[in-house]
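Values below: every heavy atom of this structure, side chains too, minus hydrogens, waters and symmetry copies.
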Amino acid sequence: MSVDGEAAPPPPLVHRDWFFPSAAPFLHTAASSSSSSSKPANPRRPPLFPSTRRNPKPYLGRSRPPMTTRSFPSSSGSSSAPSSSSPSPLQSFVARGDSRYAGIRRKVCFDAPRAKDAARMEGRKAAPGLRTAAITDSGAGSPGGRIKSRWSLSVFVAVVITILCSLIRKNFLLYDEVLLLQDQLFILDSRVRACGVSAPLVLANIIPEESDKILSRSHKSSALFASVAILSIPFIAFKYIDYVSKLRRSTDSEAVSPSKQLAYRVDVFLSVYPYAKPLVLLLATLLLIGLGGLSLYGVTDDTLADCLWLSWTYIADSGNHANSVGFGPKLVSLSISFGGMLIFAMMLGLVSDAISEKFDSLRKGRSEVIEENHTLVLGWSDKLGSLLNQLGIANKSLGGGTVVVMAERDKEEMELDIAKMEFDFKGTSVICRSGSPLILADLKKVSVSKARAVVVLAEDGNADQSDARALRTVLSLTGVKEGLRGHIVVELSDLDNEVLVKLVGGDLVETVVAHDVIGRLMIQCARQPGLAQIWEDILGFENCEFYIKRWPQLDGMQFEDVLISFPDAIPCGIKMASCGGKIILNPDDSYILQEGDEVLVIAEDDDTYTPAELPMVRRGYLPKDFIVPKSPERILFCGWRRDIEDMIMVLDAFLALGSELWMFNDVPENEREKKLIDGGLDFNRLENISLVNREGNAVIRRHLESLPLESFDSILILADESVEDSAIQADSRSLATLLLIRDIQAKRLPYKEAIVSHVSRGSFSHGTWIGDMQQASNKSVIISEILDPRTKNLLSVSKISDYVLSNELVSMALAMVAEDRQINDVLEELFAEEGNEMQIRSADLYVREEEEMNFFEIILRARQRKEIVIGYRLANSERAIINPPDKNVRHKWSAEDVFVVIAEKE
């Protein structure tokens with residue numbers, strides 16, 4: 001390539017990318033030298049670069065001269081003469097094997113755009129909207145889906161336009177015919193006038209009628225057009241919304257489409273508003289009647305009112321469209337009838353759903369209880385059956401009452417479980433509802449504000465969790481906006497939580513600590529055999545129970561005279577109005593009843609007793625007046641109870657000095673002291689008893705045989721803490737322990753004593769295993785803590801244990817406190833370590849051998865010991881009689897008889 005000015009100008013300096021190396025200047029120099037040289041190239045040596053001719057600048061008029069390369073010198077030393085016109089120092093020779101230029105074949109220009117790129121850029125600038133639309137369409141979905149959706153939309157629009165055009169064409173044709181007829185009428189009218197016939201009046205009357213018909217035809221066409229347009233609006237709107245949704249989804253994937261928003265709004269409307277579905281159905285019916293009436297008005301000659309009524313008849317009865325005549329009326333009537341069938345199908349569905357929902361609500365116990373002065377029981381436990389039975393017996397004198405049970409269970413399951421209990425509720429109605437006592441709406445559903453008593457049952461399981469739930473229930477009850485008419489009876493599992501519940505509930509709450517009550521009863525019954533049956537009679541409503549009532553005719557009378565004023569009841573105490581309603585058990589004889597005082601009695605029912613005239617009673621004197629001395633006792637605890645430390649403290653208060661308490665359980669001996677101290681036991685406060693620890697399993701015979709079972713005065717079989725949550729498992733262990741102990745005691749009886757002993761407590765003959773156990777039971781008292789009422793029958797038949805039925809006794813106490821909250825103070829004093837208690841006394845303390853006395857005389861004699869006699873048990877009887885009916889009848893008493901008294905604790 002030449003470098004002088006006449007030649008073509010040098011190519012502009014090309015800016016290469018950083019990836020490619022810059023062009024070496026010697027290439028151009030060498031090329032220029034070779035082009036100016038007239039010496040041909042060496043044909044024997046290949047050129048350095050390909051010699052293909054190309055025109056890098058097509059815009060130049062003439063072609064670029066061919067590029068020649070300079071030959072390399074040969075290895076023999078011969079070389080070509082250099083050109084005289086280009087001796088430049090920049091000239092150099094490129095070695096053939098130089099790796100730096102191995103891949104360079106031609107000059108590449110990155111700055112000059114090619115023709116195709118320029119055309120493409122111009123096309124983009126010319127039609128940006130077209131490109132955007134194309135991108136949008138490509139993102140909306142596959143080409144087949146877009147073509148299909150557009151084709152369906154086009155077909156739909158074409159059908160609608162065709163229908164509208166046909167209607168409009170028909171309208172115009174009718175209009176042209178009317179005009180033609182009018183012209184003919186005018187021509188005929190003119191001819192008639194020319195003939196001199198007087199008929200223009202008739203023609204004049206015909207023309208307005210024809211005009212009215214024309215106007216009516218126009219209205220009918222408009223009505224048909226309007227009905228079709230209104231019917232098409234929803235389809236067009238849905239298609240438009242679907243199209244917009246696709247556009248938004250293609251541009252923004254996170255944007256919510258209008259179709260989804262519309263579906264959501266409809267869903268919220270139908271879900272939130274209770275009358276939304278009937279309202280939608282009504283609107284659909286009215287819309288169908290309107291559209292059907294307009295369509296019928298357009299295709300028939302009837303008036304609009306008649307068409308609307310006819311449309312309603314088609315909807316109400318789909319068979320009415322059979323009388324339609326003509327293609328148009330048949331098509332419209334068929335469409336209306338089809339819509340009517342859909343409307344009535346939806347209506348039947350709504351009615352069916354409403355009825356099913358109502359019955360389902362009734363079945364699941366969601367309906368409201370409309371009751372007053374009913375007893376409300378919250379919760380579910382094993383004690384519920386006995387509680388309902390006691391409440392039914394208590395309401396028997398009233399002709400039956402109402403008990404509402406609400407628990408977090410299914411209503412049908414509760415009713416089925418109650419039916420399985422096979423209790424006779426004596427006319428009392430038991431209503432079950434499903435709900436939570438922690439929700440105020442559920443409490444309002446059972447009319448909690450109108451209940452005369454609310455009983456909160458403890459849940460089976462962990463004691464602390466059960467008491468925590470009871471505490472939350474009391475908080476919910478105290479938060480009832482309408483207030484409570486009655487009181488709250490709360491069953492607790494732990495005595496330590498009683499203070500907290502009373503703090504929250506205040507004066508509304510009465511607590512019954514089931515575990516503590518059973519523990520105290522077990523101790524009392526262990527010291528005095530037969531006391532368990534007496535407590536069952538007093539706590540239950542089957543026999544006699546406590547009642548408090550005001551008797552104005554007794555004001556000013558001494559308590560000693562009050563004792564013999566009731567032929568059918570036994571007074572036990574006074575509720576003193578002067579002391580704020582405090583109940584005093586076993587008051588002094590000299591106490592005079594004041595105005596407002598009430599009398600506490602033991603009677604069969606609250607309407608079975610009334611005061612009478614004072615009988616003539618001979619007082620007499622006690623045969624011997626002495627206090628029965630206490631003697632040291634040995635008592636065995638089998639098992640580990642949750643509140644065993646409280647039982648130890650109560651037992652220490654009852655027993656004489658020098659007594660022993662043996663503790664036999666599977667708790668390691670080195671851990672017992674720590675557990676007792678953690679439970680609140682202070683060993684320094686134990687004055688009368690000493691603890692003896694033995695480790696073993698109470699259901700393993702060899703472990704029990706290591707104990708001196710025949711030497712204990714009383715044995716208490718406790719429901720073990722490890723199986724306390726399962727009543728059946730706990731009772732199984734207690735029953736197994738009882739049988740093992742009785743069998744070991746029977747084997748250890750002296751031989752001659754076993755021969756001459758007489759089985760007096762049952763009908764089993766000597767020599768049977770039950771007979772041997774009955775003989776052993778005469779030597780010691782065994783109290784078994786029984787949780788399941790079904791175990792009661794096993795023990796009552798065998799008569800080998802003076803049992804305590806835990807759940808039943810607690811249910812009795814709950815029912816009694818629910819009927820009269822004042823009785824809770826009486827029970828608390830009878831169960832406490834101090835004050836008065838129930839005791840069994842020998843008859844020789846009050847009567848002489850074969851002495852005849854009536855029950856009133858025995859009551860007055862017992863007053864000399866400051867005791868109140870409430871019943872007796874004869875020597876040949878198995879059960880005690882509380883509140884005997886014939887108190888004036890004289891009997892001969894034996895020294896083997898016993899009396900049941902209320903006396904102060906010794």
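A side-chain N or O of E510 and one of N824 form a donor-acceptor pair less than 3.5 Å apart. A donor-acceptor contact closer than 3.5 angstrom links the side chains of Q390 and E542. When only modelled atom types and interatomic distance are considered, R879 and N543 share no side-chain donor-acceptor pair under 3.5 Å. Side chains of E808 and S386: a donor-acceptor N/O pair is absent below 3.5 angstrom, by distance only. In this model, no donor atom of one side chain and acceptor atom of the other lie less than 3.5 Å apart for S714 and R527. Neither side chain, R694 nor N665, offers a donor N or O lying under 3.5 Å from an acceptor on the other. For the residue pair E867 / Y846, a side-chain donor-acceptor distance below 3.5 Å is found, with atom types taken as modelled. Side-chain contact, S590 with D588: no donor N or O sits under 3.5 Å from an acceptor N or O.
A side chain to side chain contact (heavy atoms under 4.5 Å, CB included) with I717 holds for exactly one of I786, L738, L735, I783; it is L738.
Atom CG of N688 sits about 7.0 Å away from atom OG of S659, to the nearest 0.5 Å. The CG atom of L655 lies 6.5 Å from the CD1 atom of I689; values are rounded to the nearest 0.5 Å.
Using a distance-only test at 3.5 Å, with no hydrogens or angles considered, a donor-acceptor pair links the side chain of E491 to the main chain of A458. Of the possible polar contacts, none joining the K426 side chain to the I393 backbone as a donor-acceptor pair under 3.5 Å is found. Counting only distance, with no hydrogens or angles, the side chain of D597 and the backbone of L593 share no donor-acceptor pair below 3.5 Å. When atom types are taken as modelled, the side chain of N462 and the backbone of Q465 share a donor-acceptor pair closer than 3.5 angstrom. Without hydrogens or angle criteria, N389 side chain to F423 main chain gives no donor-acceptor distance under 3.5 Å. Of the possible donor and acceptor atoms, one in the side chain of D467 sits under 3.5 Å from a partner among the backbone N and O of D494. For the pair S877 (side chain) and R873 (backbone), a donor-acceptor distance under 3.5 Å is absent. In terms of modelled atom types and a separation under 3.5 Å, the side chain of D652 and the main chain of E687 share a donor-acceptor contact.
Taking the side chain as every heavy atom from C-beta outward, L554 and V599 approach each other to under 4.5 Å. The closest side-chain heavy-atom distance from M838 to I538 is below 4.5 Å. Contact of the F712 side chain with the I635 side chain is not registered, since no non-hydrogen atoms from C-beta on lie closer than 4.5 Å. By the 4.5 Å heavy-atom criterion applied to side chains, D464 and N497 are counted as neighbours. Annotation: side chain of V489 is not in contact with side chain of V454 (no heavy-atom distance under 4.5 Å). Contact check for L830 versus F546: side-chain heavy atoms found under the 4.5 Å cut-off. Looking only at side-chain heavy atoms (C-beta outward), L384 and L388 come within less than 4.5 Å of each other. For the pair V667 and K675, the minimum side-chain heavy-atom distance is below 4.5 Å.
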Side-chain atoms of residues 572-580: list all donor-acceptor pairs with protein atoms under 3.5 Å, sequence neighbours left out, distances to 0.1 Å.
from : atom 1 : to   : atom 2 : distance (Å)
K575 : NZ     : Q822 : OE1    : 2.0

Verdict with reasoning, D643 to R641, per salt bridge (Lys or Arg N to Asp or Glu O under 4.0 Å): CA-CA 6 Å; D643 61 346; R641 207 165 182 263; 2.6 Å; yes
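F831 is linked by a ring pair (Phe, Tyr, Trp, His ring centres under 6.0 Å) to W535, counting only residues two or more places apart in sequence or in another chain.
Within a 6.0 Å radius of CD in E896, no more than 12 heavy atoms belonging to other residues, nucleotides or ligands are found. No more than 12 heavy atoms of other residues, nucleotides or ligands sit less than 6.0 Å from atom CD1 of I728. Other residues, nucleotides and ligands contribute more than 12 heavy atoms inside 6.0 Å of the NZ atom of K866. A 6.0 Å sphere centred on CG of D678 holds more than 12 heavy atoms belonging to other residues, nucleotides or ligands.
For K549 and Y609, the positive end sits near the middle of the six-membered ring, less than 6.0 Å away and at most 45° from its axis.
With salt bridges taken as basic N to acidic carboxylate O contacts below 4.0 Å, none links E833 and K905.
Side-chain rings of F637 and W662 stay apart, their centers remaining 6.0 Å or farther from each other.
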